[in-house]
Amino acid sequence: MKLIIANVQDADADTATSNLTGKGYRVTRIGSTGGFLRQGNTTLLVGVEDHQVEAVVQILESSCQRRMRYVPMATGTTPNGMNLYNYIEVEVGGATIFVLNVDHFEQV
Ligand code: 2BA
């Protein structure tokens, strides 16, 4: 058995969850925050049999889009103390996926 941990953008979380549960996969959603952008994203946990991993990855791939984000980087201050910003462009997503071996699974 495998545990798939997928970090997706909030904008894709509903679509990804619906597409997974619609195919019979069980999903846990956790609200999370990216360490770089410090913006909210969503972590999905999906427990599956080994042979189902590829299908889940394909669903995530088709459910999640790449998007550009513009991140303000402070570059200095004006004489009256206002911050000056440059914006850097960052491409985020579709999904960041980890597949872990599960040693033991049971529901009691
Ligand atoms: P964040 O850490 O907020 O990163 C958002 C996006 O910023 C990343 O998109 C990447 O394009 C960029 N980025 C991240 N760290 C960077 C750096 N040191 N320098 C330049 N650009 C950087 P994604 O790669 O698609 O990642 C989206 C989110 O997935 C991440 O949000 C984080 O929450 C998670 N993630 C990505 N890789 C991870 C990893 N190896 N371990 C744990 N979480 C990860």
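It should be emphasised that the depicted structure is a prediction, and the values quoted were computed from it without experimental measurement. Note that ligands are numbered from 1 as they come in the structure, with each ligand's atoms numbered from 1 the same way.
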Item to check | Ion pair check, R67 and D12, cut-off under 4.0 Å | outcome: yes
Checklist entry - If you group Ile, Leu, Val, Met, Phe, Trp and Tyr by side-chain heavy-atom gaps below 4.5 Å, do V102 and V53 land in one group? => result no
Next on the checklist: If only side-chain N and O atoms count, and only distance matters, is there a donor-acceptor pair under 3.5 Å linking N83 with T77?
Outcome noted: no
Next on the checklist: A side-chain contact here means heavy atoms from C-beta on lying under 4.5 Å apart; do N19 and Y25 qualify?
Outcome noted: no
Next on the checklist: So if I only count non-hydrogen atoms and take anything under 4.0 Å from ligand 1, which residues does that give, chain by chain?
Outcome noted: N7, G34, G35, F36, L37, N41, V90, E91, V92, G93, T96, F98
Item to check | Polar side chain donor-acceptor pair, E89 to Y70, under 3.5 angstrom | outcome: yes
Next on the checklist: Just verifying a value: how many Å separate L45 CG and T43 OG1, rounded to the nearest 0.5 Å?
Outcome noted: 7.5 Å
